Each structure stands twice: as C-alpha cells, then as structure tokens.
Amino acid sequence: MSPQRKNGRGAQHDAGPRAAVLHEERHGAFETKLMRINVGPVHPATHGVLRLVIDLDGEQIVNLSPRIGYLHTGFEKTMENRTWQQVVTYTNRMDYAHSLGHDLAYVLAAEKLVDARVPERAQRIRVLLTELNRIASHLIGLGTGLLDMGALTPFFYTMRERERVLDILELVTGVRMNYGYFRVGGLYQDLPEGFEELVKSFIDDFPAALDQYMKLFLKNDIWVNRTKGVGVISRQTALDVGLTGPSARASGVNLDFRKAAPYSGYEDYDFDVPVSEEGDAYQRFVVRATEMEQSLRIVQQALYKLEPGPIKDPDRRISLPPREELETSMEAVIFHFKLVTEGFHPPKGEVYVPTESARGELGYYLVSDGGSMPYRVKVRTPSLANVQAIAPASIGGPFADMIVNIATMDPVMGDVDK
Amino acid sequence: MALNDLFEKDFQELEREGILFGTLGKLVAWGRSHSLYPVTFGLACCALEMMQSTNARNDMARFGSEVFRASPRQADVMIVAGRLSKKMAPVMRRVYDQMPEPKWVISMGACASSGGMFNNYAIVQNVDSVVPVDIFVPGCPPRPESLVYAVMQLQKKVRGETFDQHGVELPMVEGWTRS
Amino acid sequence: MDPFVSGQRLADRMADALAELGGERSERFDQTYVTLAGERIQEAVRRCRDAGFEQLSDVMAIDWLEYPGHQGPRFTVVYNLYSLSDASRLMLRVNVDLDESVPSITPQWPAAGFFEREVYDLFGIEFRGHPDLRKLVTPDDLEGHPLRKDFPLGETPTLFGDGRFLDPATFRAGLMGRDPGRTGWTGGARKGVRSEQGRVDDDGSEA
C-alpha cells in the first residue's frame with residue numbers, strides 16, 4: 001500500500017489498484033496495436049516446416065496466415081522424368097507418415113490407365129500393409145499431438161507400438177520407412193515366412209496398448225480441458241475449406257473413400273467409420289484413436305482371408321517375367337529388357353482415382369501421352385487443404401489452442417508442399 | 001594422503017590411488033562430447049527416424065543427447081534431417097548462425113548429404129554448401145542405429161580421436177577456431 | 001439418400017444441365033468432364049454447388065506444350081468436384097492460353113484459395129478476383145513457373161570423388177522418345193503393344 005502524499009506536496013492520487021482506471025479517465029484509454037508474430041518454420045510444435053504469420057491481440061488470435069513451401073521438392077516435375085514404374089520410389093516420400101497410402105493411390109491410378117488386372121492376393125496384401133501403415137501414422141499423430149501439448153509420456157508409448165508395426169513392414173519390404181513395395185500390376189515380391197506370426201502377435205497386443213493410451217488421455221482432466229470445445233469446425237466450414245479425412249469426419253462430414261468408392265477390395269471387409277458431430281479437437285483425437293481400432297479389424301480380416309496365389313498381373317507388358325523364365329524363353333528376355341530400359345506404355349488419357357489416406361482424400365491425376373513416362377502427375381494431397389482449416393479453427397481463440405488445432409489437423413509438410 | 005605426496009610420487013602410483021591426470025582441453029572435450037544437445041531441425045522423413053532414435057528402443061539420450069532444444073541458442077549440434085529446399089536454406093543458415101560456438105552439424109540422410117533422389121530446381125544438392133558439415137549419414141532414411149553411430153563418431157571427433165581418409169589424425173575441435 | 005450407393009446420376013445430370021452455359025461433355029476412363037469457357041466457370045461452379053456437389057477436391061492445370069498432336073490453348077485448368085450425397089464426381093475443364101486469365105472461384109469457395117495459388121505459382125495462370133494471389137510453394141527469388149514444360153528440371157551433374165561427372169540426362173536418354181539413347185527407341189510403340197505416342201491422325205487431331 002503506497003503512502004498517501006500529504007497536501008503539502010500537491011494533491012496526488014493514491015497509486016493503488018484504481019490508478020489504471022483514473023489514468024484512463026484523465027488521459028484516455030491505452031492505445032493497443034495488434035502484434036504480428038511469426039511462428040516457424042523451425043518450431044517444435046508445428047509438425048514440420050510450417051510457418052504461420054499471426055496477428056495477436058494479447059493472447060487472442062485475430063488473423064492467421066499459413067506460409068508454406070519450405071519443403072517444396074518438385075515431386076510433380078521430377079515424376080515427369082521417370083518411367084511409370086520408377087515413380088513409385090517418389091510417391092512414398094510425400095506423406096512420409098502414411099507412405100503406403102500414396103503408393104497405393106498412384107498404383108491404382110496407373111493400373112486403371114493400363115487396365116491391369118491385379119490378383120486378389122496382391123490386393124489383400126496391399127490392404128493389410130496400408131492399414132498397418134495407417135495405424136503407424138495415427139500413432140505418430142497422437143503421440144506428437146500430445147507432445148505438443150506438453151505430455152511427454154504418451155509419445156514414448158505410441159512410438160513403442162510404432163516400432164512393432166515398423167518391424168512387420170521391415171520384414172516384408174526390407175525398409176522401415178519409405179517402402180518401395182507396390183508396383184504397377186501387383187507387388188514387388190511375396191510375403192516372407194514369419195509374417196503371419198508377427199502380425200498375429202501385434203493384433204493380440206495392440207488393443208491392450210490402445211486401451212492404455214486412451215486411458216492416458218481420455219481420463220486426464222488436463223487433456224480434456226485443453227481439447228474439449230477447442231477449435232470447433234462446423235460441417236459447413238469443413239466443406240467450405242476443403243477439409244477431408246479424420247478431421248472432417250470429426251466435424252460431421254461423413255466421407256470415407258474406402259466406403260464411398262471402394263478400391264482394392266475394401267468392400268469385402270467389415271469395418272466402421274467413426275463420425276462425430278462436435279468438431280472440436282477432442283473429437284478429432286478420438287476419431288483417430290477409434291480409426292486405429294477399425295484398422296486393426298481390417299488387418300485381422302485381411303490376414304484371415306489371405307490365400308496363396310500370384311502377386312503380379314501376369315501381363316508381360318507391365319510386369320517383369322519371373323526369373324526362371326529368363327533361362328528358357330527368348331520372349332521373356334525381350335520383355336524384361338524392354339520393361340527395364342524403357343518401361344511400359346499406357347494409352348493416351350487422363351485418370352483420377354480417389355483413395356482415403358490417413359489424412360484425407362488422396363488421389364493421383366495422371367495424364368498419359370502414350371510414352372514411357374507420365375506426362376503430368378498431379379497429386380491431390382489432403383494436407384494442403386487441411387492446412388487451410390487451421391485459420392477458421394484458431395481465429396478468435398488463444399494462441400495455445402492454435403497449437404492444439406495444428407496437432408489435431410495432423411498435417412505432414414511433405415504432403416503440403418510436394 | 002599428504003599434499004606433498006602429489007609432487008613426490010610417480011604419476012602411475014597416483015593413478016592407482018584414484019587421481020586422474022589430463023589436460024584441461026581433454027577434460028572439456030570429454031564433457032562436451034558426452035552432452036551434445038541437438039536443435040530440433042527435422043525437415044522431412046528423416047525427422048521421423050530421428051524421433052525414433054529418441055524412443056525407448058534406440059535411446060539416444062544415453063549418449064548424452066538428453067533433450068532436443070527448441071532454441072538454437074541452447075544447442076550444440078544441428079542434425080539436418082531431411083531434404084533442404086532452396087526456400088528453407090536461408091532459414092537454416094540463420095538457425096546455424098544463432099547457435100553458440102562450439103557447434104557441429106550432422107547431415108542426416110541422402111537428401112541432406114547430396115540431394116538424394118531429388119536432382120532438381122528445388123532441393124539444395126549438398127547441405128555442406130550452406131553450413132559446414134562434420135558427419136554425413138547415408139541412408140534413405142538412415143536407421144536410428146545409423147544416427148546413433150553418427151553421433152558416436154561426432155563424439156570421437158569432438159574429443160580429437162578421429163582420422164581422415166589418409167590416416168592423418170584430425171585435430172580436436174576447439175570452438176573458437178572454426179568459422 | 002443412401003450416401004454409399006455409388007452412381008454417376010448427379011454428375012450426368014449436371015453435365016447435361018451445364019450445356020446451357022456452353023459446356024461440352026466428354027468422358028475419359030469412366031469420368032465425366034465438362035469443358036467450359038473461362039468466363040462461365042464461376043456460374044458453373046455455383047450451380048454445381050447448389051445442385052449438391054459439396055466438396056471441391058482440387059483445382060489443377062495441365063500444360064499441353066509437349067503433348068504429341070495437341071492443338072489449341074496451351075493450358076487446361078481442371079476443377080474436381082465431388083458430391084457426398086450422390087457419391088459422384090464431376091470435373092470441369094477450362095482451356096486457357098498463355099497470358100490469359102481465368103476468373104477465380106475463391107470468393108465463393110475458400111477451399112480453392114491454396115489450390116489456385118499453387119496453379120498460379122507453378123504454371124503462371126492468373127486467377128482474376130483471387131483475394132491473395134502470390135507465390136505459394138516456390139522461393140521468392142525463383143523466377144518463372146516451374147511446372148511449365150519449357151522450364152528446365154534443373155538437374156545438376158553428379159560429381160564423384162574420383163573426378164567423374166555423371167550427367168543425369170544422358171542416363172535417361174531414350175526413355176522419353178526424344179533422343180535415341182541406348183535403346184534406339186524414338187517414339188511410337190513396338191509391335192503388338194498399345195501405345196499412341198507420336199501418332200497423329202491425318203486430320204491433325206489427337207489419336
């Protein structure tokens with residue numbers, strides 16, 4: 001409590017809590033300006049190299065503008081200079097979290113162009129591995145999302161499960177990430193021994209682990225308070241802004257291309273698509289966690305339905321002939337030579353096949369001029385549209401909620417910038 | 001033990017009694033090498049493998065990289081994990097300049113070391129042209145074990161125990177002599 | 001309406017309805033396209049949206065400069081619309097020439113914001129009325145539009161430790177049919193394989 005000045009010094013006001021109010025009465029209100037700050041591109045919580053320019057009024061966001069392009073790799077231009085089969089090495093690197101989703105989308109589009117008949121075993125293996133990869137991608141999304149909110153422990157748990165998924169994928173494809181396993185016409189090679197046991201042990205252990213994470217956050221008051229009612233996106237806003245995927249399904253957009261336009265045998269599997277009406281960050285998390293459960297169901301069914309059979313389209317004009325034939329058949333040698341040096345030639349035309357990646361609608365628009373390389377590859381990546389949704393979700397809310405919104409949109413910058 | 005024993009006894013005898021000898025430089029290098037804090041500079045796919053190298057299976061924290069510092073002012077090493085696009089290159093140089101001496105750079109993955117599979121208008125073909133690189137790690141992406149091995153090699157470099165390709169011993173890195 | 005019954009009903013109806021705006025209908029690989037003039041695209045998108053195409057999947061462009069046998073405007077902008085209720089897809093095409101511009105649909109559909117900016121950045125097609133048309137993904141000091149066919153890929157030769165230089169273009173020579181390379185192939189198909197590259201009909205139209 002500051003002492004009262006005596007009248008001898010002149011009447012001065014008591015510099016206490018009323019000081020601010022009196023100052024305003026005498027001199028007019030405090031003049032404030034919006035503060036423009038820059039978040040990223042090097043930031044621990046922006047999920048990669050995303051830069052946001054934000055106008056803040058105190059703690060409240062008034063305007064938000066994402067600046068992207070810091071990971072622009074020129075994929076589409078590079079793909080115009082590689083043969084149709086070589087493009088598969090590039091498709092994984094865009095969405096490096098759900099790489100098989102991109103592989104599958106490209107391979108389906110190219111097969112539609114060439115009119116390839118993919119054998120059923122290859123389709124089932126594709127679905128199995130893609131769903132395993134979707135689980136791994138959602139695990140990263142959940143783990144890093146919680147890490148951005150300051151929870152360090154769940155990250156280690158989700159990474160532990162992800163290591164198990166990566167073990168399975170490494171057994172089949174030989175690499176932990178960025179698999180070059182799918183080919184136009186089928187797969188690279190068949191499944192090795194030991195695959196079934198490894199997948200079965202994962203299927204047995206994963207529900208308990210998922211339960212563990214769900215308990216870690218669904219029953220945690222801090223997490224619930226940080227995500228319930230935060231970053232609400234209405235259904236109309238989601239459609240306005242082009243949002244797809246789990247974030248859109250959490251806002252009530254009932255769209256999943258695995259059900260709406262089934263591909264690669266998805267119509268044979270029995271699974272649910274979680275949809276919610278609330279559209280806040282809480283639901284976006286819960287939808288992703290529920291999707292992991294459903295993906296596990298698909299993996300189980302695909303494993304059960306696997307039958308022995310060929311894994312490549314037997315058409316020699318697209319697929320390489322088996323090695324044994326090269327010893328006896330001259331034609332096989334010629335096909336092999338032409339496919340390896342030149343590649344196959346699809347007919348002229350344009351094709352677009354939409355698929356459902358872990359982030360949303362993913363489709364490759366391929367334009368062919370009859371040559372051995374694509375004429376134009378346009379990748380409709382989900383994260384580019386999802387980044388546009390960060391602004392309507394975050395404007396009007398505090399800064400910390402924006403971090404939660406980015407985490408729940410789960411953009412992957414390779415997908416955004418291509 | 002009396003204080004004049006320190007001057008009279010042979011150093012081997014003293015070592016047996018638990019007194020270690022060394023130079024201040026070596027002691028500082030030992031401390032530095034075992035507490036290299038990386039700055040979070042994950043760009044693309046290699047960033048996921050870098051995250052995996054900190055998880056429970058491949059624990060990089062036991063090699064001293066306990067935390068990834070978000071602020072470059074508090075970091076020692078920059079692990080460039082992923083493809084560096086030309087738009088990002090000035091940003092990376094700025095982050096590197098903000099790191100205090102002594103600092104090191106590990107170029108992780110094929111894309112950072114040589115442009116990788118992307119030889120086009122958008123990707124910097126060798127991160128060495130932007131920042132001076134100490135260790136290159138091959139792979140696409142390198143396994144977490146590769147990254148941990150790279151960190152161990154960097155530790156050797158910091159302590160002055162490395163050799164170049166001709167077998168000549170490389171000098172120990174002292175922060176204030178590097179550009 | 002059952003959202004999971006897949007059908008082309010809405011796309012068919014819309015394609016016919018757009019004929020009054022001057023739209024020409026075409027089909028490629030089971031996909032319905034409507035080609036319109038650029039001036040009509042805003043009205044067409046508005047009508048499609050009102051009819052039930054709630055989702056704008058994509059706005060993209062194709063550069064026809066090196067397409068064998070192509071005549072006409074250099075670019076095509078393709079708008080990819082999807083209807084959730086009817087599970088059908090319609091694509092609108094606008095043929096644009098060099099230095100022509102297209103009205104922007106961003107004011108009525110914010111999803112197109114990033115898509116059109118990307119097309120502008122990579123192709124140079126201007127969208128009139130876009131609230132914020134500037135570069136999106138390329139660095140500010142990059143001049144030109146990378147995805148155009150006359151923009152070079154920008155490959156640098158690979159230098160090996162022993163001094164050898166490897167030129168990536170010669171490595172791939174022959175694959176595009178422009179130079180013979182090592183296989184001697186210069187376009188056209190080998191016998192018995194379907195391919196129409198390089199084949200132009202007598203009246204000059206695409207094969």
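Residue numbering restarts at 1 for every chain, and letters A, B, ... go by the order of the sequence lines. What you see is a predicted model, and the numbers here were worked out from it, not measured in a lab.
Inspection of the C:R25 and C:Y33 side chains reveals no N or O donor paired with an N or O acceptor under 3.5 Å. Checking A:T381 against A:S383 by side-chain atom types alone, no donor-acceptor pair falls below 3.5 Å. Residues C:R93 and C:S26 bring no donor and acceptor atom of their side chains to less than 3.5 Å of each other. Residues A:S394 and A:N405 have side chains that bring a donor and an acceptor to within less than 3.5 angstrom of each other. A donor-acceptor contact closer than 3.5 angstrom is absent between the side chains of A:S372 and A:W84. Donor-acceptor pairing under 3.5 Å is lacking for the side chains of C:Y120 and C:H130.
Chosen from A:D240, A:L384, A:V241, the residue pairing most often with chain C at heavy-atom distances under 4.5 Å is A:D240. In terms of heavy-atom pairs under 4.5 Å with chain C, the best-connected choice from A:K418, A:E350, A:H72 is A:E350. Taking chain A as the reference chain and counting heavy-atom pairs below 4.5 Å, the highest number among C:R28, C:M91, C:M60 is found for C:M60.
A:S65 touches chain C through its side chain: at least one heavy atom from C-beta onward sits under 4.5 Å away, while N, CA, C and O do not. In this structure, chain A has a heavy atom under 4.5 Å from the backbone of C:P146, while its side chain stays farther away. Neither the backbone nor the side chain of C:Q108 comes within contact range of chain A, judged by heavy atoms closer than 4.5 Å. Only the side chain of A:K378 comes within contact range of chain C, with heavy atoms under 4.5 Å apart. Residue contact with chain A, scored on non-hydrogen atoms closer than 4.5 Å, involves the side chain of C:R134 exclusively. Both the backbone and the side chain of A:P66 come within contact range of chain C, judged by heavy atoms closer than 4.5 Å. For a residue to count as touching a neighbouring chain, one of its non-hydrogen atoms must lie under 4.5 Å from one of that chain's; by this rule C:Y82 touches chain A with the side chain only. Residue contact with chain A, scored on non-hydrogen atoms closer than 4.5 Å, is absent for C:D132. When heavy atoms are compared at a cutoff of 4.5 Å, A:Y70 does not approach chain C at all.
The only member of A:L113, A:V184, A:V351, A:V353 that meets side chain to side chain contact (heavy atoms under 4.5 Å, CB included) when paired with A:L108 is A:V353.
Note that OG1 of A:T244 and CZ of A:R380 are 4.5 Å apart. Values are rounded to the nearest 0.5 Å.
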